[in-house]
Visitor: 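One structure, as structure tokens, below. Some questions next.
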Amino acid sequence: MLLSANRTTESETAPSETARSETSSAELAPADTPPYRYTAQLAEHIERTWQQHWESEGTFHAPNPVGELAAEPGSSAAKRAQGPKLFVQDMFPYPSGAGLHVGHPLGYIATDVYARFARMNGRNVLHTLGYDAFGLPAEQYAVQTGQHPAITTEHNIATMRSQLRALGLGHDSRRSIATTDPGYYRWTQWIFLQIFNSWYDEEQDKARPIDELVEQLRLGARLTPDGTPWEQLSAQQQRQIINDRRLAYLSEAPVNWCPGLGTVLSNEEVTADGRSERGNFPVFKRNLRQWMMRITAYADRLVDDLALLDWPESVTLMQRNWIGRSHGARVDFATVNETTAEGAAATPPISVFTTRPGTIFGCNSVVLAPEHLLVNTLLPPHWPDGTPPHWTGGADTPTDAVERYRAAAAAVSAVDRQATGRAKTGVFTGGFALNPVNGQRLPIFIADYVLMGYGSGAVMGVPGEDERDWEFSERFELPIIRTVQPPEGFDGEAYEGDGVMINSDFLNGLPWPQAKQAMIDWLSEHGHGAGTVTYKLRDWLFSRQRYWGEPFPIVYDDDDQPIALNDAQLPVLLPEVDEYSPVTYEPHDAATEPAPPLAKAADWVSVELDLGEGVKTYRRDVNVMPNWAGSCYYQLRYIDPANSDQLCDPVNERYWMGPEPLRHGADDPGGVDLYVGGVEHAVLHLLYARFWHKVLYDLGHVGSTEPYRRLFNQGYIQAPAYTDSRGTYVSASEVVEIDGGFSWQGQPVRREYGKMGKSLKNVVTPEQMCGEYGADTFRVYEMGMGPLEASRPWESRAVVGAHRFLQRLWRVVLDEQTGTPRITDAAANRLTGQLLHRTIEGVRADMVGLRFNTAIAKLIELTNHVTVTYPNAAPREVAEAMVLMVAPLAPHIAEELWQRLGHAESLTYAPFPQADPQLLIAETIEYPVQVNGKVRGRITVPADADEASVRAAALADEKVAGYVGASAPKKVIVIPGRIVTVVV
RNA sequence: GUCCGAGUGGCGAAAUGGCAGACGCGCCAGACUUAGGAUCUGGUGCCCUUAACGGGCGUGCGGGUUCAACUCCCGCCUCGGACACCA
């Protein structure tokens, strides 16, 4: 039961009543603190009460159009469902055992403020938070604490939930999920099967069910790889062909093997210096049979659709660079081996990829990656006549040279290979290629600066326009011919800029871009190559040899070919094992083998199933999915968390995520309306999630083509940390500032800034802040300290500013002695009314733009004005508007004040104040008057004064006249409503 | 090395072509007080000067465009981030 303002003393359950009884007791407040002052104790009480109220009322339950979460007809939720929807999402947190520090909730508070503001504007808002709880850290934490990860995970989630609840986040708790819940990972496995059971149709440029490919092959509408008619192939051959086309496939290929973690990793999880992003262990390339996801099939769409997204420029740029699309040409070079008895013998041609086919007349060599498959076919028995000694690497034969070079290249660690300024190395293979445009004989080398994984693993050396090739040419004394005219005065080596073609036969005189196209045309016409596109993006390595992850819904029969389970057989539960910690190795021991923990669950691995061929014994896949899997689609389960028949009902998905061309334009891809999180997920999570979403779109499961329409990267909270003379971190909370220096237990210490964490001994927790000031103060401080996207240092002592603001607001509305409203029904004076409505206008705009810091500043200004203007009783219209405007930021105190002002209903859905246009216009305007760029005077004129009268008033001003002097000014500029400038 | 972002009081910041420093912390002064690390009121960019007024300088550095530049353009410096032999 909620109370009305006039009957405060009659209620027993109202938050306000208990508050008074507590705060008036002596041990809670010093003797001279008024009984109804807004203190931390009172704040905490109000906060607990309203959190309970919101929970019991289901205040933040967002109704779905259909299904279990649909609104009861006639309920308040049904009314809510009438409004336009808004889907707000935070990046999936991992429930850490270490607990939260004040940096963690920054984004959660921001989305909560935004969501609450939207509710007050009539939107039906979906906002919840789930937990991404599979993965290495959870497993490592469990190993550390000696408990099963399921137990520690559950415990950590419970802790985090209660920590976040204390902040008053308006989440729909019915929609919270955890990736580790079998009811959730069933759908992770289901999507995996969708991907596994699909292929990419290049013609239609979309994924299609694999059955449709089988059908096409069977009917001959599509040819098998070698043209053999489908029915002449054995069942096993047919399966192999099909499996090779799937979007999820097993591949025996060089992968990133990390002995220190005992698992393989994706490219995205390996840092530039060849180490694991997690744990910083060395990573080695090993040939292993692993699951891959054919994300490369989506490379073009993943690049192109970035243009449709409302994302930070930097993130789209990072994705673009990661996908690394470049347009160029494939050029085929015929090769010859000149040392056979017959003179010259043909060897297989070599394809190179180049983005500058126009420079081919300057080509002086062909260089292959050391691992290139054709290297061995090129090697003559002995060095060709005239081979310069420094091309041979000191070896007696080409075979010997290549072997030695390969061994040396393999011995170079990833770190050394990256070292800047590393000299180019390589050896001659003894083979020659023929330049297709002029028949010139070009030596073929191998060199480790050519990467097997990019393009075709072979390049043509064009030193005039490529620095690497220039270096290589100098090293091996190869001729250098420029084919693009460098600008006058250019004194560098390779010239990689634009220019006009020279030394290039029929291309001479063409500007560079036209020469490129002309050469592509020539190559295709003469059968020597074709225009082509290459990507840096590789397929996504999708299996891990760990315990704490989603098992694959895949089994094998005797053929060792993967077989999908049926949907009805999901979820495949993670088996209990005695030893769930993975087998890890000495981090530098590359010659080790992954040993998945699941392989040890013999009873689980071997399974009897009927998959359409009668009951047979199968072997389960013993890998688990990477921890990115669960976060690739979680917004879809937020939408329909209890749906056990479907991933999510298409009606619900289209309601929450479908394209809204009327609101967002004709190209709108749909997706979550606002997605807030750290920039560290710019490539990994956001790329994977876009990929999965597009597959689901192709297969007709979702109506949006992108998962996240608008992305916002929040900054980080840095924290000061202090080191003593030995460089050891000391407890930051015990450091005091003395005369501009810092001191800990009497000894001077040095300040630095870093991440908040145990190792820097500088953790500040939300609980500490709530205990000292209350959650509302904490929220206002975090939102007020700067722009959301900027990182900034935490300063505990500054939090009090936010607290004083809320105290003042409280005092504007209530009497600190009695707790009753001290407001008047009299109208606000003109000045206050204008300030109020300017504030409403400004706060609205700031809220929409996520500029909460300036919104708070405006609210403080208004509060300060009202405090001074109405020391005894503020006008109700002003006080109520202030309470409503502060509500998204400090919801508990706002609810409490709103109730004490006599409102029976929560203000969660009360209308956010609207500015009255009449009151936004002032009747007079003060203009600063500048003379030669300096403000020399001020004039006040009626708001509707025309330019001429403003000008006249400015020149008439005494001070201004003093600077202008007797002669007429050269120029007078009036910027309406802004400033007058006089030039003399 | 390449690309991206940032540089404003003692500190966090505001102003995106029109009065630089809103708002907050801190600091100074005052009120209340046994007390103040609570709360309230006022002041507070730097320098010169005054009894009061007033004046000069000032947004990393150097140049430019403009009546007017933190804001736009060119060059540089510093810091942070991403990528890093991608042909």
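Within every chain, numbering begins at 1; the chains are lettered A, B, ... in the order of the sequence lines, protein sequences first and strands thereafter.
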Visitor: Taking only the side-chain heavy atoms of Ala857(A) (C-beta and beyond), determine which of G24(B), A22(B), C67(B) contains the nearest atom.
Guide: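 Looking only at heavy atoms from C-beta outward on Ala857(A), the closest nucleotide is A22(B).
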Visitor: If you check every side-chain atom of Arg804(A), which of A87(B), G24(B), U39(B) has the closest atom?
Guide: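 Among A87(B), G24(B), U39(B), the one nearest the side chain of Arg804(A) is U39(B).
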Visitor: Base, sugar-phosphate or nothing for Arg808(A)? Non-hydrogen atoms, less than 4.0 Å.
Guide: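 Sugar-phosphate contact only.
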Visitor: Tell whether Ser791(A) reaches the base of G80(B) with its side chain through a donor-acceptor pair below 3.5 angstrom.
Guide: no
Visitor: Return the nucleotide paired to G26(B): Watson-Crick means purine N1 to pyrimidine N3 with N6-O4 or O6-N4, wobble means G-U with N1-O2 and O6-N3, both under 3.5 Å.
Guide: U44(B)
Visitor: Contact class for Thr534(A) vs. all strands (heavy atom < 4.0 Å): base, sugar-phosphate, or nothing?
Guide: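 The residue Thr534(A) makes no contact with any strand.
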Visitor: Consider the side chain of Arg792(A), meaning its heavy atoms from C-beta on, and name the nucleotide among C25(B), G56(B), A13(B) that approaches it most closely.
Guide: A13(B)
Visitor: Taking atom C1' in both U50(B) and G55(B), compute the distance separating them and give it to the nearest angstrom.
Guide: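 The same atom, C1', in both gives a distance of 11 Å.
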Visitor: Of the listed nucleotides (C85(B), C25(B), G54(B)), which one gets closest to any side-chain atom of Asp448(A)?
Guide: C85(B)
Visitor: Now, which nucleotide makes the Watson-Crick or G-U wobble pair with G7(B), with each of the two distances under 3.5 Å?
Guide: C77(B)
Visitor: Please tell me whether Arg808(A) and Asn864(A) have a donor and an acceptor in their side chains that are separated by less than 3.5 angstrom.
Guide: yes
Visitor: In terms of side-chain heavy atoms of Ala798(A), which of U39(B), C25(B), G12(B) is nearest?
Guide: C25(B)
Visitor: Closest to the Asn853(A) side chain: G26(B), A13(B), A87(B)?
Guide: A13(B)
Visitor: State the pairing partner of A31(B); accept Watson-Crick or G-U wobble contacts with both distances under 3.5 Å, and report none otherwise.
Guide: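 Check on A31(B): paired to U39(B), both distances under 3.5 Å.
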Visitor: Hey, does Val800(A) reach any base, or is it just sugar-phosphate, or nothing, if we go heavy atoms under 4.0 Å?
Guide: sugar-phosphate
Visitor: Can you tell me the pairing partner of C53(B) across any strand shown, Watson-Crick or G-U wobble, with both distances under 3.5 angstrom?
Guide: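 Its partner is none (no Watson-Crick or G-U wobble pair with both distances under 3.5 Å).
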Visitor: I'd like the P distance from U44(B) over to G60(B), given in whole Å.
Guide: 24 Å
Visitor: On RNA chain B, check which nucleotide each of Met785(A) and Pro928(A) is closest to and give me the residue with the more 5' one.
Guide: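 Going by which nucleotide is closer to the 5' end, it is Met785(A).
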Visitor: With a cut-off of 6.0 Å (strictly less than), are more than 12 heavy atoms of other residues, nucleotides or ligands near CD of Glu313(A)?
Guide: no
Visitor: With a 4.0 Å cut-off on N to O distance, would you call Asp466(A) and Arg468(A) a salt bridge?
Guide: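 Answer for the salt bridge query: yes.
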Visitor: Quick check: on RNA chain B, is the nucleotide nearest Val935(A) upstream (toward 5') of the one nearest Pro793(A), or the reverse? Name the residue that is more 5'.
Guide: Pro793(A)
Visitor: Using a cut-off of 6.0 Å, state whether more than 12 heavy atoms not belonging to Glu496(A) lie near its atom CD.
Guide: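 Yes, the 6.0 Å shell around CD holds more than 12 heavy atoms from other groups.
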Visitor: Which part of the nucleic acid, if any, lies within reach of Arg325(A) when heavy atoms closer than 4.0 Å are counted: base, sugar-phosphate only, or nothing?
Guide: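 Since no nucleic acid heavy atom lies under 4.0 Å of Arg325(A), the category is nothing.
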Visitor: Does a distance-only test, which skips hydrogens and angles, find a donor-acceptor pair under 3.5 Å between the side chain of Arg978(A) and the base of C19(B)?
Guide: no
Visitor: Would one find more than 12 heavy atoms of other residues, nucleotides or ligands at under 6.0 Å from atom CZ of Arg978(A)?
Guide: no
Visitor: Base, sugar-phosphate alone, or nothing: which one does Leu317(A) contact when heavy atoms must sit under 4.0 Å apart?
Guide: sugar-phosphate
Visitor: Heavy atoms under 4.0 Å, any strand shown: does Ile860(A) hit a base, just sugar-phosphate, or nothing?
Guide: sugar-phosphate
Visitor: How is Lys424(A) classified with respect to the nucleic acid when contacts are heavy atoms under 4.0 Å: base, sugar-phosphate, or nothing?
Guide: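 If one applies the 4.0 Å heavy-atom cut-off, Lys424(A) turns out to touch a base.
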Visitor: Is the NZ or CZ atom of Lys424(A) positioned over Tyr449(A)'s six-membered ring, under 6.0 angstrom from the centre and within 45° of the axis?
Guide: yes
Visitor: Determine whether Tyr781(A) and Val800(A) make a side-chain contact, defined as any pair of heavy atoms from C-beta on separated by less than 4.5 Å.
Guide: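 SC-SC contact between Tyr781(A) and Val800(A) ruled out.
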Visitor: Considering only A87(B), A15(B), G56(B), which nucleotide approaches the side chain of Thr854(A) most closely?
Guide: A15(B)
Visitor: Base of G7(B) relative to its sugar, syn (within 90° of 0) or anti?
Guide: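 You should classify G7(B) as anti.
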Visitor: Any strand is fair game: report the nucleotide pairing with G18(B) by Watson-Crick or G-U wobble, both distances under 3.5 Å, or none.
Guide: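 By the stated definition (distances under 3.5 Å), C67(B) pairs with G18(B).
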Visitor: Both distances under 3.5 Å, Watson-Crick or G-U wobble: report the partner of C83(B), or none.
Guide: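 Base partner found: G1(B).
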Visitor: For the side chain of Val459(A), counting heavy atoms from C-beta on, which of C19(B), C67(B), A87(B) is nearest?
Guide: A87(B)
Visitor: Picking from C40(B), C86(B), C4(B), which would you name as closest to the side chain of Ser314(A)?
Guide: C4(B)
Visitor: When we call it a touch if two heavy atoms are under 4.0 Å apart, what does Glu467(A) touch: a base, just sugar-phosphate, or nothing?
Guide: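 No contact at all - Glu467(A) keeps every heavy atom at 4.0 Å or more from the nucleic acid.
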Visitor: For a quick check of understanding: with a heavy-atom distance under 4.0 Å over all strands, which category does Asn864(A) fall into, base, sugar-phosphate or nothing?
Guide: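 Sugar-phosphate, backbone atoms only, no base.
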Visitor: Counting side-chain heavy atoms from CB outward, which of A38(B), U41(B), G55(B) is closest to Arg936(A)?
Guide: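 So the side chain of Arg936(A) is nearest to G55(B).
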